[in-house]
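Encoded as structure tokens, here's the structure I'll be asking about.
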Amino acid sequence: MSGVTRRSVVAGGMALAAAPLVARAAAGDAVVETRAGQFEGDRIDGGMLRFRGIRYGNAPRFRAPVAFATPGQRVPAHEYGPICPQGKGGQAASEDCLFLNVWTHGASTAAKRPVMLYIHGGAYSNGTVTVPLNDGAKLAAAKDVVVVTVNHRLNALGYLYLARFDPRFADSGNLGQLDLILALQWVRDNIAAFGGDPRRVFVFGQSGGGAKIATLMGMPAAKGLFHSAATMSGQQVTASGPMNATKRAQAYLAKLGVKEDNLQPLLDMPVEKLVGALDATDPILGGGVYFGPVLDMKWLTRHPFWPDANPQSLSIPMILGNTHDETRAFIDPNSAKVKGLTWDNVAARMAPELRMDLLPEWVVGQYRAHFPKDTPEQLFYRATTAGRSWPGQWLEADARAAAGARATWVYQVDYQSPTQPERGAPHTMDIALAFGTLDAPGSFTGTGPAAQKLSGQVMGAFAALARTGRPVAEGLAPWTPYTLANRATMVFDTASRVVNDPRKWERELWGRVPYIQPGS
């Protein structure tokens, strides 16, 4: 395959799009013929069809992806493709990781089901959709939608910014985003054969997946490829600045012993060595080097939500959500940081966990006065959740409201984990709720009647947004759109309800200082 150009990514697969579309699922097997090939999947419980490991592109190292198709050829789609190398996890990993997966009731082009495409979390460096928590069968069956999950390039393979060193790598800072755009183009051109409606594509993603979606909403190349969205504890107010991204690339190259004026060794060395250098020290943040989308003035020409919401995205109906106790997932209640918390040490221990530059001792005093019954541990989690990434979420919602976007809805998960009560309502709680995978490893929800009811509401609201542009679900109170006047928030709990500005006091406290997106 030849190298990709900007035009070919924007218009990806247009030559294929001119071909006539044929779809079928023959009795006794699961074969769907598309412009990209004949895909042989599996029939699973309930008559569902499942297709795993469909290649949507090739990924030349540090270069833009290239669309992949085998028209007329029979392609097995029974097993997941490899995940992006990331230095951990037990799954097969490869740079050759541009694969997607599809679940559908049936492959009739007349079905025109809404498409729900999921992008995984793990910041921009880790993660995969090929885990039971992200299995699309229950969501597809319960809500009569086509579910698609996507893997793409991560960490240095997807976001190492080399453009200022070598023009061959002009796209390198946003490769993971270009992979996702290519996957969305594949969906546009092929999903009708799986019974999906390419004019009703809903993207949803948790944590880093939500941040990737927020970034896509500001990328001209993604315009028109999706029609509604939900970000779950994931936001991208600003992208990485190109100078900071260059400093991070320099730190990474130094770890590898590669000179800036000769990047050929990057193309020649084994991928294991590239992954091994991911622990290079970040020159801006400290810790491991940060990778994420870059304001490269080619693919990303302005920040997604600064100084305002990108006008390109204002017409896209959007849900933004978070959980009440985000940091109870990141910081183990049994860890040394939490064990032995007292009023004398809580400020010092929570300071490194904050992403907002407010005096920790003052913050503790304010919280103690406002929540006098809190223990040091409760205050620690409350303040670190509110002073970490949550402000990015309400800033995005405020930006949309200020720009006049009427189709914006906000939620907060307050539902407390019945299986790990010490975790409260932690980061990732909403993944199982959105997929219906309540019994999957990694789920905090439990499988009881309350969890099943809440999952039905979350799945229903998301699927309704995909289908109609409004999150209306059976058993769920009318969900009021978010405005600056009301800041209406759906509180998902055993008794879900809409509350106006439920964390007003915390929002105003942390709103005293600027929110600086990590990595910017």
Side-chain angles (χ1 to χ4, degrees), residues 1-10 57-68 82-88 93-98 123-126 151-182 212 215 219 221 239-301 519-520:
M1 287 292 213
S2 61
V4 72
T5 65
R6 187 177 193 280
R7 186 171 186 273
S8 66
V9 170
V10 174
N58 287 318
R61 186 178 288 185
F62 302 126
R63 295 180 177 89
V66 181
F68 179 84
I83 69 173
C84 181
Q86 50 198 264
K88 63 180 182 180
S94 170
E95 288 179 82
D96 184 18
C97 62
L98 305 192
Y124 292 91
S125 290
N126 303 294
N151 274 347
H152 63 98
R153 282 176 287 182
L154 304 165
N155 50 65
L157 297 168
Y159 297 95
L160 177 66
Y161 184 54
L162 302 170
R164 299 182 70 211
F165 304 142
D166 191 325
R168 291 181 298 168
F169 308 118
D171 308 308
S172 56
N174 289 302
L175 294 177
Q177 300 301 118
L178 298 186
D179 294 346
L180 293 171
I181 289 171
L182 191 64
K212 293 162 195 171
T215 304
M219 298 183 74
S240 181
M243 289 189 287
N244 278 348
T246 298
K247 292 176 184 177
R248 292 182 166 109
Q250 289 170 329
Y252 179 75
L253 293 177
K255 178 84 173 183
L256 287 170
V258 173
K259 302 292 186 182
E260 297 167 21
D261 59 357
N262 178 20
L263 299 184
Q264 187 59 39
L266 284 180
L267 302 181
D268 298 335
M269 68 179 58
V271 71
E272 291 78 12
K273 190 169 183 180
L274 296 176
V275 172
L278 294 176
D279 63 352
T281 300
D282 190 290
I284 290 76
L285 294 174
V289 67
Y290 170 88
F291 294 103
V294 180
L295 192 69
D296 62 359
M297 308 315 291
K298 180 180 181 182
W299 297 104
L300 193 60
T301 59
S520 298

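Along the sequence shown, the residues carry numbers beginning at 1.
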**Prompt:** Would you find a donor on one side and an acceptor on the other, under 3.5 Å apart, between the side chain of Asn244 and the backbone of Ser520?
**Reply:**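 Yes, the answer is positive, given that a donor and an acceptor are paired below the 3.5 Å cut-off.
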
**Prompt:** Does the side chain of Ser125 reach to within under 4.5 Å of the side chain of Leu154, using non-hydrogen atoms?
**Reply:**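 Not touching, per the 4.5 Å side-chain cut-off.
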
**Request:** Taking all non-hydrogen atoms of both residues into account, name the closest pair between Ala280 and Lys255 and its distance.
**Result:**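 Closest approach of Ala280 to Lys255: CB-CB, 3.8 Å.
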
**Item:** Side-chain heavy-atom pair Leu300, Val294 within 4.5 angstrom cut-off
**Value:**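 Heavy-atom side-chain distance check fails, nothing below 4.5 Å.
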
**Message:** Quick check for you: to the nearest 0.5 Å, what is the distance between Leu157 atom CG and Cys84 atom SG?
**Reply:**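 If we round to the nearest 0.5 Å, Leu157:CG and Cys84:SG are 5.0 Å apart.
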
**Item:** Nearest heavy-atom neighbours spanning Asp296 and Ala170
**Value:**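 So the minimum-distance heavy-atom pair works out to OD2-O, 4.4 Å.
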
**Prompt:** What's the spacing between Tyr159 OH and Lys212 NZ if we round to 0.5 Å?
**Reply:**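 Going from OH on Tyr159 over to NZ on Lys212, the span is 5.5 Å.
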
**Message:** Ignoring hydrogens, what is the shortest heavy-atom contact between Leu182 and Gly57? Give both atom names and the distance.
**Reply:**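 What the structure gives for the nearest pair is CD2-CA, 3.9 Å.
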
**Prompt:** How many angstroms lie between atom OH of Tyr124 and atom CD of Gln177, to the nearest 0.5 angstrom?
**Reply:**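 CD of Gln177 is found 5.5 Å from OH of Tyr124.
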
**Item:** Where at least one partner belongs to residues 249-279, residue pairs that pass ring pair (Phe, Tyr, Trp, His ring centres under 6.0 Å), sequence neighbours excluded
**Value:**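 Residue pairs with at least one partner in residues 249-279: Tyr252-Phe291.
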
**Prompt:** Checking Ser172 side chain against Leu162 main chain: does a donor-acceptor pair fall under 3.5 Å?
**Reply:**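 Confirmed, Ser172 side chain pairs with Leu162 backbone.
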
**Message:** Quick check for you: to the nearest 0.5 Å, what is the distance between Asn58 atom CG and Asp179 atom CG?
**Reply:**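 Nearest 0.5 Å value for the CG-CG distance: 10.5 Å.
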
**Request:** May I have the step-by-step check of salt bridge (charged side-chain N to carboxylate O under 4.0 Å, His left out) for Asp166 and Arg168, ending in yes or no?
**Result:** CA-CA 5 Å; Asp166 191 325; Arg168 291 181 298 168; 2.9 Å; yes

**Prompt:** Got a sec, which residues hit salt bridge (Lys or Arg N to Asp or Glu O under 4.0 Å) with Glu260, two or more places apart in sequence or on another chain?
**Reply:**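 Testing Glu260 for salt bridge (Lys or Arg N to Asp or Glu O under 4.0 Å), a comparison that skips the adjacent residues, returns none.
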
**Request:** First locate atom CG of Leu98, then atom CZ of Phe68, and finally report the distance between them rounded to the nearest 0.5 Å.
**Result:**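 Leu98 atom CG to Phe68 atom CZ measures 11.0 Å (nearest 0.5 Å).
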
**Message:** Could you tell me if the side chain of Gln250 sits less than 4.5 Å from the side chain of Pro283, heavy atoms only?
**Reply:**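 Not in contact.
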
**Message:** Does any part of the side chain of Leu266, heavy atoms only, come nearer than 4.5 Å to the side chain of Leu253, both counted from C-beta?
**Reply:**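 Yes, close enough: below the 4.5 Å cut-off.
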
**Item:** The single option from Asp171, Asn174, Thr215 passing side chain to side chain donor-acceptor pair (under 3.5 Å) against Trp299
**Value:**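 Answer to the side chain to side chain donor-acceptor pair (under 3.5 Å) test with Trp299 among Asp171, Asn174, Thr215: Asp171.
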
**Item:** Heavy-atom side-chain proximity of Cys97 to Arg153 below 4.5 angstrom
**Value:**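 Side-chain contact under 4.5 Å: yes.
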
**Asked** Which atoms form the tightest heavy-atom contact between Thr281 and Gly286, and what is the distance?
**Response**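 Residues Thr281 and Gly286, closest heavy atoms: CG2-CA, 4.4 Å.
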
**Asked** Which value, rounded to the nearest 0.5 Å, describes the distance between Tyr290 atom OH and Lys247 atom NZ?
**Response**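 Rounded to the nearest 0.5 Å, the OH-NZ separation comes to 16.0 Å.
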
**Asked** Does some side-chain heavy atom of Leu285 sit less than 4.5 Å from a side-chain heavy atom of Arg248?
**Response**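 Answer yes - side chains close enough.
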
**Request:** Identify the two heavy atoms, one from Pro60 and one from Pro65, that lie closest to each other, and give their separation to 0.1 Å.
**Result:**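 Heavy-atom minimum between the residues: CD-CA, 4.3 Å.
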
**Request:** Output, in order, the C-alpha distance, side-chain angles, deciding distance and verdict of side chain to side chain contact (heavy atoms under 4.5 Å, CB included) for Ile284 and Met243.
**Result:** CA-CA 11 Å; Ile284 290 76; Met243 289 189 287; over 6 Å; no

**Prompt:** Can you name the closest pair of heavy atoms from Ala93 and Pro85 and give their distance?
**Reply:**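 Nearest pair, atom of Ala93 first, then Pro85: CB-CA, 3.8 Å.
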
**Any side-chain heavy-atom pair of Leu160 and Leu274 under 4.5 Å** =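 In short, these two side chains do not touch, never coming nearer than 4.5 Å.
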
